[in-house]
Amino acid sequence: MSLDRRGRALLVAAVALAVAAGAVVAASGASITADPNSPNDTATHSVTVAIDGDTVGASWTGLEVVYEASDASNVGQNDVTTIGIDRGNDDPGTTIDVDVSNDLSSVSASSDGQTLDIGLGGNYDLEQGDEIVVQYEDVQNPDAGTYSVSMDVNPQSSGGTASASLSIQSDTTTTTTSTTTTTTTTTSTQTT
């Protein structure tokens, strides 16, 4: 084998590794919403993540949500109101086909509340095109703005994360004031 052939073989191997690394994606198509989405309020956050890549066929063992600015320090296991799988990602919003709440094993926050870890027992398999849905209460919204949030399905073995933007709206109040103006007209008449 000549050096040119060896160089080409190394190049082909490098491209194959790059393609394989690109395929190691745990999740995509993520979304996050807050209700209410007003600044500094305690809110319910809803997270969805579409499943693809290496997570397909794996047991769902957890979800890590990393906030840029929100505080999930007060979120506990009892605050998880919905956790499940939307098979085929064909249902709107937080609708699920498979409820996995009986598999929920832990909920904890770290990094000053900016990282929320949700642990599961791993009794439910994820399929290509599924969407995981998690809704939890007791999150402190940040100031008004748009913030990056990353989600990692099965974080202990993840090949990648999905990201979404959390929009917190400024609290604006419009006041309308009505003013009534009264005009008095005086007319004088002269007699001759």
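Hydrogens, waters and symmetry mates play no part in the numbers below; they use all other heavy atoms, side chains included. What you see is a predicted model, and the numbers here were worked out from it, not measured in a lab.
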Practice task
Could you check T81, I83, N78, V47 and say which one makes a side chain to side chain contact (heavy atoms under 4.5 Å, CB included) with Y136?
Solution key: V47
Does [X] belong to the same Ile/Leu/Val/Met/Phe/Trp/Tyr cluster as [Y], with side-chain heavy atoms less than 4.5 Å apart forming each link?
X    : Y    : answer
V133 : L116 : no
V66  : V149 : no
V65  : I96  : no

Kindly indicate whether the side chain of [X], heavy atoms from C-beta on, has any atom under 4.5 Å from the side chain of [Y].
X    : Y    : answer
V98  : V100 : yes
D143 : I168 : no
Q128 : D52  : yes
M151 : T48  : no
N74  : Q140 : no
D130 : N89  : no
D138 : T42  : yes
D79  : V107 : no

Gap separating the [atom1] atom of [X] from the [atom2] atom of [Y], nearest 0.5 angstrom:
X    : Y    : atom1 : atom2 : answer
S167 : N141 : OG    : CG    : 10.0 Å
Y124 : I132 : OH    : CD1   : 14.5 Å
I85  : D91  : CD1   : CG    : 12.5 Å
S150 : E68  : OG    : CD    : 10.0 Å
S148 : L166 : OG    : CG    : 10.0 Å
E64  : S110 : CD    : OG    : 7.0 Å

Closest heavy-atom contact between [X] and [Y]?
X    : Y    : value
S70  : H45  : OG-CE1, 3.8 Å
D97  : D86  : OD2-OD1, 3.2 Å
S170 : P39  : CA-CG, 4.1 Å
P142 : A69  : CB-CB, 3.6 Å
D125 : S59  : OD1-OG, 3.1 Å
A72  : A109 : O-CB, 3.5 Å

Handout entry: Donor on one side chain, acceptor on other, Y67 and D112, under 3.5 Å
Key = no
Practice task
Would you check if there is a donor-acceptor pair between the side chains of N154 and T61 at a distance under 3.5 Å?
Solution key: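 Yes, side-chain donor-acceptor contact under 3.5 Å.
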For the backbone of [Y] and the side chain of [X], can you confirm whether one donor and one acceptor N or O come within less than 3.5 Å of each other?
X    : Y    : result
D103 : G121 : yes
Q135 : S46  : no
D99  : S101 : yes

